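Only one structure is covered here, and it is reproduced in the block below.
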Amino acid sequence: MKKVFGLFGYPVHHSMSPIMQEAAFSDCDIMANYHAFLVKPEQLKEAVKSIRALQLGGVNVTIPHKVAVMEYLDEVDEEARQIGAVNTIVNRNGRLIGYNTDGRGYLESLLELTETVVGKNVAIIGAGGAARAVATVLINAQVSQLVIANRTVLKAEALLQRLPNGNTVTEVMSIAELEHTLHKFDIIINTTSVGMSPHADESPLSLTHLKENTVVSDLIYNPLQTKLLMEAEAMGALTLNGLGMFVNQGALSFEYWTEQKPNRQKMTDVVLKQLGGIRC
Ligand code: NAP
């Protein structure tokens, strides 16, 4: 019998997880389907119960359910607890366990470009859910300094309070302060939605003070090359889009569900094709 996996979100119609996960299942010769389920916030509790009732193998969880879903699970893994959000649920014989693969998915893509993040000075733009996942794994990976800069500074301060204690020196800045001190950072990461299609002509900050060879990274993958990344590349930066993070978080979810390693290149290729066939 085919196993069923899925995605709980609201909305979900835009998600590329179904084509990406089905490509991975097919490549591993696993008989499975992956459906996007439109789950309204008031239906989340019942939807989670249905994972047991329908014997789903597991699900991904996306906006707006990543935080709310935690209270309906039997167990939440330590890193997901630190991040304060779950994006992957595994059904182990009726016991529902929550994980978060967003942060590690991002870190794995970053490490393909930089080898190590230990001792690096990092600036994160944004203070939402994605920023918290990325900041948590970077602190756990022992970056030296982590600055959070956000349009709403109060939200950045609130995020800082919720990050794990580590040896990393953490600080909040306004976007303007970050712009003036950009040359002090080794890695700059945009976790805001500024620059995402259809607003691809926008950038979250000015790069005037960027130094050469800085890593500039954007979690956005539609478009693959945001205005921020184009400007950074023109100034001699090394750039990274959000496609690797998206594929890696999905691949890590797949590993939790199946205990097999999926073919990440195949997963990347189907998403790229869907995005318009451009290779990054
Ligand atoms: P979120 O929780 O809603 O946070 C949004 C962040 O963007 C906040 O810091 C917000 O600032 C900032 N922002 C929004 N509009 C802005 C504007 N016009 N000017 C300045 N700042 C603005 O969203 P999220 O879940 O963290 O997701 C953020 C981005 O990451 C999205 O683009 C999402 O697609 C991307 N993402 C990518 C992946 C991947 O796999 N590649 C995974 C997760 C998320 P305020 O606090 O001031 O409102």
Side-chain angles (χ1 to χ4, degrees), residues 7 9-12 14-17 19-21 60-69 80 83-88 99-110 112-113 123-138 147-163 172-179 188-206 217-229 239-254 264 267-268 271-272 274-275 280:
L7 170 68
Y10 190 76
V12 280
H14 62 286
S15 173
M16 283 189 264
S17 290
I19 56 154
M20 180 173 80
Q21 294 292 357
N60 283 129
V61 181
T62 188
I63 287 170
H65 304 315
K66 288 185 185 184
V67 178
V69 77
I83 292 170
V86 157
N87 79 332
T88 304
Y99 297 90
N100 191 308
T101 64
D102 283 331
R104 254 177 309 135
Y106 175 73
L107 183 60
E108 287 184 12
S109 71
L110 183 61
E112 282 173 26
L113 193 66
I124 289 180
I125 309 152
R132 186 166 172 189
V134 168
T136 299
V137 295
L138 288 174
V147 162
I148 313 272
N150 193 42
R151 173 179 64 178
T152 313
V153 173
L154 275 177
K155 283 196 196 166
E157 280 164 359
L159 169 60
L160 206 66
Q161 299 306 316
R162 287 189 249 124
L163 292 176
V172 164
M173 277 185 189
S174 66
I175 302 276
E177 280 174 286
L178 175 62
E179 284 175 339
I188 294 156
I189 307 164
N190 175 38
T191 72
T192 77
S193 46
V194 181
M196 190 158 74
S197 178
H199 303 291
D201 57 336
E202 295 173 7
S203 172
L205 86 172
S206 153
S217 163
D218 204 322
L219 264 50
I220 294 169
Y221 55 90
N222 187 14
L224 287 165
Q225 198 65 341
T226 56
K227 184 175 182 198
L228 174 73
L229 295 189
T239 61
L240 177 73
N241 65 31
L243 181 61
M245 174 181 182
F246 178 65
V247 171
N248 291 340
Q249 62 77 32
L252 292 167
S253 298
F254 185 98
R264 294 190 191 201
M267 294 167 81
T268 305
V271 177
L272 268 179
Q274 191 79 3
L275 286 169
C280 50

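Since we're looking at a predicted model, the values are computed, not measured. Side chains included, hydrogens not; waters and symmetry mates left out as well; all remaining heavy atoms used. In each ligand, atom 1 is the first atom listed, and ligand 1 is the first ligand listed.
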Distance, nearest 0.5 Å, that separates CG of N241 from OG of S217: 8.5 Å

Quick one: does any side-chain atom of S197 pair with a main-chain N or O of A200 as donor and acceptor, under 3.5 Å? no

Identity and separation of the nearest protein heavy atom to atom 17 (C) of ligand 1: R151 NH1, 3.2 Å

Using a heavy-atom cut-off of under 4.0 Å, does the side chain or the backbone of T191 touch ligand 1, or both, or neither? backbone

With a 4.5 Å cut-off on side-chain heavy atoms, are E108 and L252 touching? yes

State whether a side-chain donor-acceptor pair under 3.5 Å links R104 with N248. no

shortest atom 1 (P) of ligand 1-to-protein heavy-atom contact is with G128 CA, 4.0 Å

With a cut-off of 4.0 Å, which atoms of ligand 1 are near a heavy atom of M196? 32 (O), 34 (O)

Sub-4.0 Å heavy-atom contact, P204 with ligand 1: no

Atoms in ligand 1 flagged as close to I220, the criterion being non-hydrogen separation under 4.0 Å: 32 (O)

Just to confirm my output: which protein heavy-atom neighbour is closest to atom 42 (C) of ligand 1, and how far is it? M245 CE, 3.6 Å

Regarding ligand 1, does V194 bring an N or O atom to under 3.5 Å of one of the ligand's N or O atoms? no

In terms of heavy-atom contacts, V67 and A85 come closest through CG2-CB, 4.3 Å

Starting from atom 47 (O) of ligand 1, find the nearest protein heavy-atom neighbour and note its residue, name and distance. T152 OG1, 2.4 Å

If we only count heavy atoms from C-beta on, is the V134 to I189 side-chain gap below 4.5 Å? yes

Measure Y106 to ligand 1 on non-hydrogen atoms and call it side chain, backbone, both or neither using the 4.0 Å cut-off. neither

Protein heavy atoms near atom 5 (C) of ligand 1, is at least one of them under 4.0 angstrom away? no

Closest non-hydrogen contact found for T88 with S253 is OG1-OG, 2.8 Å

Close side-chain approach of V172 and L159, heavy atoms under 4.5 Å: no

Nearest protein heavy atom with distance in Å, relative to atom 37 (C) of ligand 1: L219 O, 3.4 Å

Ligand 1 and G242, any nitrogen or oxygen pair closer than 3.5 angstrom? yes

Would a search of protein heavy atoms around atom 33 (C) of ligand 1 find one under 4.0 Å away? no

If we set the cut-off at 4.0 Å for heavy atoms, which region of T192 has an atom near ligand 1: side chain, backbone, both, or neither? both

How far is atom 46 (O) of ligand 1 from its nearest protein heavy atom, and which residue and atom is that? N150 ND2, 2.8 Å

Heavy-atom nearest pair, Q21 first then F254, reads OE1-CD1, 3.5 Å

Is any side-chain heavy atom of N87 closer than 4.5 Å to one of T62? no

Protein heavy atom at shortest distance from atom 23 (O) of ligand 1: G129 N, 4.6 Å

Tell me, which protein residue and heavy-atom name are nearest atom 24 (P) of ligand 1, and how many Å apart are they? A130 N, 3.8 Å

Could you tell me whether atom 9 (O) of ligand 1 has at least one protein heavy atom nearer than 4.0 Å? yes

Side-chain H-bond candidate by donor/acceptor type, N60 with S17, under 3.5 Å: no

Mind checking whether L275 and M16 have side chains closer than 4.5 Å, heavy atoms only? yes

For ligand 1, which atoms sit closer than 4.0 Å to a heavy atom of G126? 9 (O)

